[in-house]
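Single-structure report; data block below.
Numbered from 1 within each chain, the chains take letters A, B, ... in sequence-line order.
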Amino acid sequence: MLLRVPHPWPLLPGRLVARYKRFIAEIDLESGERIRAHCVNPGRMEGQVRPGARAWVSPVPAASKRKLRYTWELVEEDGRIVGANTVAPNRVVADLLAARVLPGLKRFGQLRSEVAYAERSRVDFLLDGATPHYVEVKNCHLRYPDARGYFPDSVSARATHHLHALREVVEAGAKATVLFTIQRPDVEAIRPSILHDPAFAEAAREAGAAGVRFRAVTIQATLDSLDVMREIPVELAAYDTAPHARWQAKKLPWSGWRNDGP
DNA sequence: CATATTCTATGGTACCCGAT
DNA sequence: ATCGGGTACCATAGAATATG
């Protein structure tokens, strides 16, 4: 294990009832209470929004002004716990960089986050050094039976825009790394999803050829912590998507959300 | 200076509108 | 009738900007 990041709050177990309008997850807690939790994940969470699936939420501090008093953190898919909170990896990567664990990402002066650059873009992390190093975090949670993680799980024009911007800073002499995180340990590599967003996949190939580095780490979510397990390769090369379409068809009945409120 | 409000960003959906 | 494009919307955090 590379790094252990304990949850700031204790998690409460329950079962997913439904997801509404992208942001709201209705969950039956083991205490018997039916609650509404904020779903931080803006994506479709392909295959992971199954009614009845085990899910864990964190309580929101009493002082917070949030409407929803819980945050959906983890979900069980195929008997395995998967991280569902897309904000969490940014915190994990911040710790990972600060701990200077990853080769090539450990020698730097200052670590800044959310730094504005290029055209209407903000990079997740900027490492000061002889040459500035831009680090963009991309979280993924989609796994297909080929034991690979895929990003994105929907068309993401913004992510493609980020790749073009990173390519520009590299061509201007800076260093740039796209760091994928996948919140499950059972993958051997990560690929851009040609099936979900071919433009992103092509932009990734171009950015890679231009010198943008692509790396990935697996994160094992447990009830106590998010554990950065190991670095895995990113596979940028094009591939046949026929098997992926079949795998997706099996997951799709359980995707998305309902638009009628609970 | 402290506090309050506005802005930005996130992705899929539902909606409208105009063109075929 | 079906299409694609544009856009508001949903909840929230955090940054940016405004107000007292």
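Per the geometry, CH2 belonging to A:Trp72 stands 16 Å off C1' belonging to C:dC10, to the nearest Å. Rounded to whole Å, the distance from NE2 on A:His38 to P on B:dA9 is 17 Å. Atom-to-atom, CG of A:Asn85 to P of C:dT12 comes out at 13 Å; the value is rounded to the nearest Å. Between the P atom of B:dG11 and the CZ atom of A:Phe23 lies a distance of 10 Å, rounded to the nearest Å. In this structure, OH of A:Tyr20 is placed 16 Å from C1' of B:dT13, rounded to the nearest angstrom. Protein atom CD1 of A:Ile24 is 14 Å distant from nucleotide atom C1' of B:dT13, rounded to whole Å. Rounded to whole Å, the distance from CG on A:Leu68 to C1' on C:dA13 is 14 Å. Atom CD in A:Glu136 sits about 13 Å away from atom P in B:dA9, given to the nearest Å.
A:Asn41 comes within contact range of no nucleotide atom at all, as no heavy-atom separation falls under 4.0 Å.
Considering A:Val75, A:Leu12, A:Ile81 as possible partners of A:Trp56, the one that fulfils the side chain to side chain contact (heavy atoms under 4.5 Å, CB included) test is A:Ile81. Between A:Glu77 and the options A:Arg143, A:Arg50, A:Gln48, a side chain to side chain donor-acceptor pair (under 3.5 Å) holds for only A:Gln48. If you run side chain to side chain donor-acceptor pair (under 3.5 Å) between A:Thr177 and each of A:Arg213, A:Arg215, A:His133, A:Glu136, only A:His133 comes through.
Of all heavy-atom pairs spanning A:Val178 and A:Leu166, the tightest one is CG2-CD1, 3.6 Å.
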